[in-house]
Amino acid sequence: MAEERKKGLNADLIGEDLERCCKGENVCRRCQGKLCNIGFAKACIKEYKKNPKKEIAGGSKRIPTTDFKVFDEAELETGIAHILRECKDCKEDHTEECIINVIRNCYETSLLGDSHPYEGSALQYLMYLKANHPEKAGEIAYIYSRGK
């Protein structure tokens, strides 16, 4: 039997993943908030919890791509795997401003240095990672395949 997709976004899981990635003020000294990739993603998920909308207006353009902080790679890989599990595989209905896509881009920029266009399919994305970032793809695919 095929896995049944749930409706909505598991904002608690995504929020917990983001908290584990956050370096906190002990390391950063002062929180940069939305100027940090993880801080921006945290603000997105916080807003989603208050007002659950599928899209973040201008979200993909507001990702702080010049944030060069080094985050724990294992936590970023887990975050990517979990956000991919939340993807509804919308394919041609995919939008760049989807909250799932925006958060994935934040993780991706922190882990890989830039973001990759997403085509609305977790499987296609995993294939892209395998071809372009094989050192990261294995762990992300493993976490993705084992579920939550």
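Here the shortest heavy-atom pairing between Cys28 and Lys23 reads SG-CB, 3.9 Å. Taking all atoms of both residues into account, the shortest heavy-atom contact from Tyr118 to Ala122 is OH-N, 3.1 Å. Looking at every heavy atom in both residues, Phe71 comes nearest to Cys21 through CD2-O, 3.3 Å. Here the shortest heavy-atom pairing between Phe40 and Lys34 reads CB-O, 3.7 Å. Closest of all the heavy-atom pairs between Pro134 and Asn132 is CD-C, 3.5 Å. Here the shortest heavy-atom pairing between Glu97 and Gly59 reads OE1-N, 2.7 Å.
One distance of note links CG of Leu126 with OH of Tyr144; it measures 6.5 Å at 0.5 Å rounding. One finds the CZ atom of Arg104 at 9.5 Å from the CD1 atom of Ile83 (value rounded to the nearest 0.5 Å). Between Leu111 atom CG and Ile140 atom CD1 the span is 5.5 Å, to the nearest 0.5 Å. Atom-to-atom distance recorded for Cys106:SG and Leu76:CG is 11.0 Å, nearest 0.5 angstrom. Atoms CD1 and CD, on Ile56 and Glu47 in that order, are 9.0 Å from each other to the nearest 0.5 Å. Here Leu84 contributes atom CG and Tyr107 contributes atom OH; the two are 10.5 Å apart, rounded to the nearest 0.5 Å.
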Practice item. Could you walk me through whether Ile100 and Ile14 pass side chain to side chain contact (heavy atoms under 4.5 Å, CB included), step by step? Key: CA-CA 10 Å; Ile100 293 168; Ile14 302 308; over 6 Å; no
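Legend: residues meeting side chain to side chain donor-acceptor pair (under 3.5 Å) with Lys69, ordered by chain and number and at least two apart, are Gln32, Asp67. Listed by chain and number, the residues in a side chain to side chain contact (heavy atoms under 4.5 Å, CB included) with Cys22 are Ile38, Lys42 (sequence neighbours excluded). Taking Asp17 as the reference, Arg20, His82 meet the side chain to side chain donor-acceptor pair (under 3.5 Å) condition, with sequence neighbours excluded.
Residues Phe68 and Thr66 meet the side-chain proximity criterion, which asks for heavy atoms closer than 4.5 Å. You'll find the side chain of Glu119 stays beyond 4.5 Å of the side chain of Tyr125, heavy atoms only. Residues Ile80 and Ile143 are not in side-chain contact: their nearest non-hydrogen atoms beyond the backbone lie 4.5 Å or more apart.
Among Leu18, Val102, Leu13, the single residue meeting the side-chain contact (heavy atoms from CB on, under 4.5 Å) criterion with Ile45 is Leu18. Checking each of Glu73, Glu77, Glu108 against Lys136 for a side-chain hydrogen bond (donor to acceptor under 3.5 Å, both in side chains) leaves exactly one that passes, namely Glu73.
Applying the 6.0 Å contact sphere to NZ of Lys130 captures no more than 12 heavy atoms from other residues, nucleotides or ligands. Within 6.0 Å of NZ on Lys53 lie no more than 12 heavy atoms contributed by other residues, nucleotides or ligands.
Proximity of a side-chain donor or acceptor of Arg62 to a complementary backbone N or O of Ala57 within less than 3.5 Å is detected. Remark: the backbone N or O of Asn101 is not paired with any side-chain donor or acceptor of Glu96 at under 3.5 angstrom.
With 3.5 Å as the limit, one finds no donor-acceptor pair spanning the side chains of Asn37 and Thr109.
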